[in-house]
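For reference, the structure is listed below as structure tokens.
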Amino acid sequence: MIALGCDHGGYELKQEIIKYLEEKEIPYKDFGCDSTEAVDYPIYARKVGNAILQGECEKGILICGTGIGISIAANKMKGIRAALCTDCFCAEATREHNDANVLALGGRVVGPGLAVKIVDTFLNTEFSHAPRHQHRIDLIEE
């Protein structure tokens, strides 16, 4: 189960990601927002983070205008490792090395075609379980 959340700057890209998830029959929960009317991204970062931390969802995707603010807000939550990715290499590396559980995207930065490829890479890359990577995650979580 994938948790989705965005602010007004990410609403349109979220709709494209929903199309991808539905085409691939990947279950998701949409925590909002539901329009391009201005809202505050920390609200949606918390909703997605809580869904992951409570075990309701396995991973999350957050989108704001640049992806920066919403990723900062999500990373304030202990146990959330949100990675802002602008290409597939970063999405793959953050899953393999950081076991990131939230992908952050910039709706005004990444176009829909690339964003769907980034989402696909993020969702289909497993954590490596290499001891050095696990050690770093443990240090982050301390």
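All residue numbers refer to positions in the sequence shown, counting from 1.
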Review point. Say you draw a straight line from CZ of R136 to CG of D99; how long is it, rounded to the nearest 0.5 Å?
Key: 14.0 Å
Review point. Rounded to the nearest 0.5 Å, how far apart are CG of D120 and CD of E92?
Key: 11.5 Å
**Study point:** Check ion pair E16-K19 (N to O, under 4.0 angstrom)
**Key:** yes
Point to revise | Heavy-atom closest contact (F127 atom, H97 atom, distance) | key: CE1-O, 3.8 Å
Review point. Linking I/L/V/M/F/W/Y whenever any side-chain heavy atoms sit under 4.5 Å apart, do L84 and V119 land together?
Key: no
Check your understanding: Does the side chain of T121 come within less than 4.5 Å of F89's, by heavy atoms?
Key -> no
Check your understanding: Which residues pass the salt bridge (Lys or Arg N to Asp or Glu O under 4.0 Å) test with K117, sequence neighbours left out?
Key -> none
Check your understanding: Taking a hydrophobic cluster as the set of Ile, Leu, Val, Met, Phe, Trp and Tyr residues connected by side-chain heavy atoms closer than 4.5 Å, whether directly or through intermediates, do I70 and Y11 fall within one such cluster?
Key -> no
Review point. Once you round to the nearest 0.5 Å, how far does CG of L62 lie from CG of D7?
Key: 10.0 Å
Review point. Could you give the distance from CG (L105) to NZ (K14), rounded to the nearest 0.5 Å?
Key: 13.0 Å
Exercise for review: Give a yes or no on whether V109 and L13 share a hydrophobic cluster (residues Ile, Leu, Val, Met, Phe, Trp, Tyr; joining criterion: side-chain heavy atoms under 4.5 Å apart).
Suggested key: yes
Review point. To the nearest 0.5 Å, how far apart are SG in C6 and CG in D30?
Key: 7.0 Å
Exercise for review: State yes or no: do V102 and L4 share one hydrophobic cluster built from I, L, V, M, F, W and Y residues joined by side-chain heavy-atom distances below 4.5 Å, directly or via other members?
Suggested key: no
Practice item. Quick one: closest heavy-atom pair of A100 and F122, and the distance? Key: O-CZ, 3.5 Å
Check your understanding: So do E96 and H133 actually touch side chain to side chain, heavy atoms under 4.5 Å?
Key -> no
Point to revise | pair I17-I2: side-chain heavy atoms closer than 4.5 Å | key: no
For residues 33-55, which side-chain N or O atoms pair as donor and acceptor with protein atoms under 3.5 Å away, sequence neighbours left out?
residue	atom	partner	partner atom	Å
S35	OG	E37	N	3.1
N50	ND2	R46	O	3.2

Check your understanding: Any donor-acceptor pair under 3.5 Å linking the side chain of S71 with the backbone of I68?
Key -> yes
Point to revise | Validation row: L103, C85 side chains within 4.5 angstrom (heavy atoms) | key: yes
Check your understanding: Do I72 and I80 sit in the same hydrophobic cluster, where Ile, Leu, Val, Met, Phe, Trp and Tyr count as joined when their side-chain heavy atoms come under 4.5 Å apart?
Key -> no
Check your understanding: Is the closest side-chain heavy-atom distance between L123 and Y20 below 4.5 Å?
Key -> yes
Review point. Are more than 12 heavy atoms from other residues, nucleotides or ligands located less than 6.0 Å from atom CD of E12?
Key: no
Practice item. Taking side chain to side chain contact (heavy atoms under 4.5 Å, CB included) as the test, write out the residues that go with E141, two or more places apart. Key: K78, R81, I137
Check your understanding: Any chance NZ of K59 has more than 12 other-residue heavy atoms, nucleotides or ligands included, within less than 6.0 Å?
Key -> yes
Point to revise | Interatomic distance, C88 atom SG to L114 atom CG [nearest 0.5 angstrom] | key: 6.0 Å
